[in-house]
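Labels below follow one simple rule: chain letters A, B, ... track the order of the sequence lines, proteins then strands, and each chain is numbered from 1.
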There are 2 protein chains.
Amino acid sequence: MEIKPVPEHVTIRDVAREAGVGVGTVSRVLNERVYVSAGTRERVLTAMRRLDFRPHAQARRILRRRSGMVCFLMSNRAFMHSFHAHVLQGVENCASALKQHVIYASMHYGPSTPAGRIPIPLILQERGWVDGLILTGLVYGNFLKRIQDLHIPFVALGNNVVASRDVGDYDLVAFDEYKGANEATEYLVSLGHRRIFFVGDVSYPWFNQRYRGYLAAMRAAKLSPAGMTSKEDHGFPEYGEYAVSRLLGLKPLPTAILAGNDDVAYGVWRALTRRGSSVPENVSLVGFDDREEARLMDPPLTTVRVHKEQVGEALMKLLLEKLHRPGPPYTKRILSTELVRRESVRAL
Amino acid sequence: MEIKPVPEHVTIRDVAREAGVGVGTVSRVLNERVYVSAGTRERVLTAMRRLDFRPHAQARRILRRRSGMVCFLMSNRAFMHSFHAHVLQGVENCASALKQHVIYASMHYGPSTPAGRIPIPLILQERGWVDGLILTGLVYGNFLKRIQDLHIPFVALGNNVVASRDVGDYDLVAFDEYKGANEATEYLVSLGHRRIFFVGDVSYPWFNQRYRGYLAAMRAAKLSPAGMTSKEDHGFPEYGEYAVSRLLGLKPLPTAILAGNDDVAYGVWRALTRRGSSVPENVSLVGFDDREEARLMDPPLTTVRVHKEQVGEALMKLLLEKLHRPGPPYTKRILSTELVRRESVRAL
DNA sequence: TAAGGCTCTGGAAATGATTCCAGATGATGT
DNA sequence: ACATCATCTGGAATCATTTCCAGAGCCTTA
């Protein structure tokens, strides 16, 4: 038997010739459609293996009206920190299970640029790159408007959206910051704490939500809220340190501090221990997010865990639903958080 | 004048009709080739704007033999930690500047699975998805072999490759762990330290390199190396803690510790401070990687900075060179590190 | 004025798949 | 025996683009 040469780019036509069938039949085998006899299917599969045939992605996508790709678009961040990395991983896990691919892209723009003036991200300049968009990072209303005008399906990580009311409705996944902070505060109250301070710059939308959850819990317990919530041009840990330097002048001192996130909590912790105040003996401390480092702090930090991979999976799932049923109604999927009790809190 | 309706999917043919030219001319305008008169070009561009034409990505890619996408493939990691997130960001920065897209994918496999048995990642099951691959995470030799058999261009982040000699040659970008650790050790020596310990599990290839750099510097200074390098089933910070619990039994005690990375250094720091040993008064401490947290430690950690975004950019650039000139010779691009002096080290 | 070389253009062919239509075959029902 | 139906198959048409080829002007140059 003569050994036929294997062509460089094996196409469906080569396979058809090799198997002695028509191209339509090969395509039917490839797509596992009905109406191919067992014998023919076997011959085609053998030919595919012999020629090491792999179908061409672009050619397949051109007739189906789906690209099989979504874009994870991060706005206005110089780098991806651990939180978003986990969300991305969640998106990817869900995507690969559904045979979808994830394109990672990032972009920057100002909050006050008119929507029409925001440069279209490269990925959207051609049609057909991606079926939909996942918006993360810090998302402003003007960009939402811009995307809506492009008529491409998208979902947003709701917690990071800073948009006024005039932006139309859209799909989002968010975790419940209000409730998370609310429960954390209730927990401190249940342990006997009365003077509970909140530390976090409420000009950030997420800290704002958390602060409101804290406020509600304090009011419900008939306690008076306090702490530091002003806007400062500091990094998160520095904000925590600065807050301690200001709060320690106050009388009476707090017995517990709820920090806006784990980074702020770290700053608080550092400032406290430097001044000889010990956590949790003198002050109990609670964070938010549950990054890996929280568990490693000394003492390990009690914090509100955000299920970041779950958020990613939910974003991907919602986007895919959207692709099958575009337009309204718009879904707002709120995921709950989980209070993780560690040693940075003590009962009074 | 009558207003013509805008078709739903605007194609190059619609533009040609609108502008009163042939499809070839529209394509020439689109690709900015020579031989289109200024007047014609203007008419075509006007038609494109009027119809809001965006070319179809898949259709373009099918004739050019490039997809314009590369895959950032992370192996054997449950999640992306900050180091890889930075590398990915570097890749993306470089890619978008070169009008390329980055697909993020992850996969898992064992080090001892035969190459032929490793399941092909989804992205490679079809031809034409990506032009090339960037291998990161923990890469074993069997997978390198697998990829080489698929004849798809790739570059690897060299520091994370665990491969024996029998794997063929390949392109890589790496940062110089040997030199980084070497310089860090020399720095400690120059400050008068004589009893310098190394802490890091040398069964990891990266810790191994760093250890060898440390060894060379110690020998050059005629000092005897010591520390803990055995394999343990711990996380990195836990490894550092465990090392301290063992080393403190030794006499004489070290005056400085070079940790395998910042996480190990954190564990060392925690164990030391818990035992009442102070950094840097009793022991000087140096890490490796320079993650964000290093700067925030108390005292801020002296460490060897790895330029992670630069590594990502180099990976992307090398891959693109490879696409234009496939096959040997293979490039090994070694980036240097930078010693960042902070307060965790003191002169004796 | 003829030949040759630019510049510019239209349209057919090609790319590699899917889909649809027509037709063949064989089983089943009346 | 005939109609009907389900099963199975080949191949043309299709998708949206790029590329190639042929040809039309127009300007030099000998």
Colleague: Taking CZ from A:R54 and P from C:dA17, how many angstroms apart are they, rounded to a whole number?
Modeller: 11 Å
Colleague: Give one of base, sugar-phosphate or nothing for B:R13, where a contact means two heavy atoms less than 4.0 Å apart.
Modeller: base
Colleague: In whole Å, I'd like the distance from the CZ atom of B:R127 to the P atom of C:dT15.
Modeller: 12 Å
Colleague: Taking 4.0 Å as the cut-off, does a side-chain nitrogen or oxygen of B:T25 come that near to OP1 or OP2 on C:dC8?
Modeller: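 For C:dC8, neither OP1 nor OP2 has a side-chain N or O of B:T25 closer than 4.0 Å.
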Colleague: Nearest-Å distance, CD (B:E42) to P (C:dT9)?
Modeller: 13 Å
Colleague: If you apply the rule side chain to side chain donor-acceptor pair (under 3.5 Å), what do you find for A:N160 with A:R77, and how did you get there?
Modeller: CA-CA 12 Å; A:N160 296 8; A:R77 284 198 174 275; over 6 Å; no
Colleague: Take atom CD of B:Q58 and atom P of D:dT18, then tell me their distance rounded to the nearest Å.
Modeller: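 Answer to the nearest Å: 13 Å.
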Colleague: Rounding to an integer number of Å, can you tell me how far B:I12 CD1 sits from C:dA13 C1'?
Modeller: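 Spelled out: CD1 on B:I12 to C1' on C:dA13 is 15 Å.
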Colleague: Just call it for A:G39: base, sugar-phosphate, or nothing, with non-hydrogen atoms closer than 4.0 Å on any strand.
Modeller: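 Counting heavy atoms under 4.0 Å across all strands, no contact is made by A:G39.
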Colleague: D:dA16, OP1 or OP2 - any side-chain N/O from A:R65 closer than 4.0 Å?
Modeller: yes
Colleague: Taking the six-membered ring of A:Y170, is NZ or CZ of A:K332 closer than 6.0 Å to its centre and within 45° of its axis?
Modeller: yes
Colleague: Checking contacts here: which listed nucleotide (C:dG10, C:dT18, D:dA16) is nearest the side-chain heavy atoms of A:N31?
Modeller: C:dT18
Colleague: Can you say whether a donor on the side chain of B:R28 sits under 3.5 Å from an acceptor on the base of C:dG10, or the other way round?
Modeller: yes
Colleague: Specify the residue among A:P55 and B:G24 whose closest nucleotide of DNA chain C lies further upstream toward the 5′ end.
Modeller: B:G24
Colleague: Counting just side-chain N and O atoms, does A:R60 come under 4.0 Å of either OP1 or OP2 of C:dT18?
Modeller: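 For C:dT18, OP1/OP2 do have a side-chain N/O of A:R60 under 4.0 Å.
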Colleague: For residues B:N142 and B:T113, is any side-chain donor paired with an opposing acceptor at under 3.5 Å?
Modeller: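 Note: B:N142 and B:T113 side chains miss the donor-acceptor criterion.
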Colleague: Of the listed nucleotides (C:dG11, C:dT18, C:dC8), which one gets closest to any side-chain atom of B:Y35?
Modeller: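 Closest nucleotide to the B:Y35 side chain: C:dC8.
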Colleague: Output the rounded distance in Å from CD (A:E126) to P (D:dT17).
Modeller: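 Answer to the nearest Å: 9 Å.
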Colleague: Run the side chain to side chain donor-acceptor pair (under 3.5 Å) check on B:Q89 and A:S106 step by step: do they pass?
Modeller: CA-CA 8 Å; B:Q89 189 61 54; A:S106 63; 3.1 Å; yes
Colleague: Using the side-chain heavy atoms of B:V21, tell me which of these nucleotides is nearest: C:dG10, C:dA17, D:dT18.
Modeller: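 Among C:dG10, C:dA17, D:dT18, the one nearest the side chain of B:V21 is C:dG10.
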Colleague: Figure out the CZ/C1' separation between A:R61 and D:dT17, and round it to whole Å.
Modeller: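 Between C1' of D:dT17 and CZ of A:R61: 18 Å.
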Colleague: Check this for me: A:R325, atom CZ, are more than 12 non-hydrogen atoms of other residues, nucleotides or ligands nearer than 6.0 Å?
Modeller: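 Count over threshold, so yes.
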Colleague: Whole angstrom is fine here: how far is it from CG in A:L63 over to P in D:dA16?
Modeller: 8 Å
Colleague: Which of the following nucleotides, D:dT17, C:dC8, D:dC15, is nearest to the side chain of A:I62?
Modeller: D:dC15
Colleague: Using a cut-off of strictly less than 4.0 Å, decide whether A:S27 has a side-chain nitrogen or oxygen near OP1 or OP2 of C:dT18.
Modeller: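 Yes, such a contact exists.
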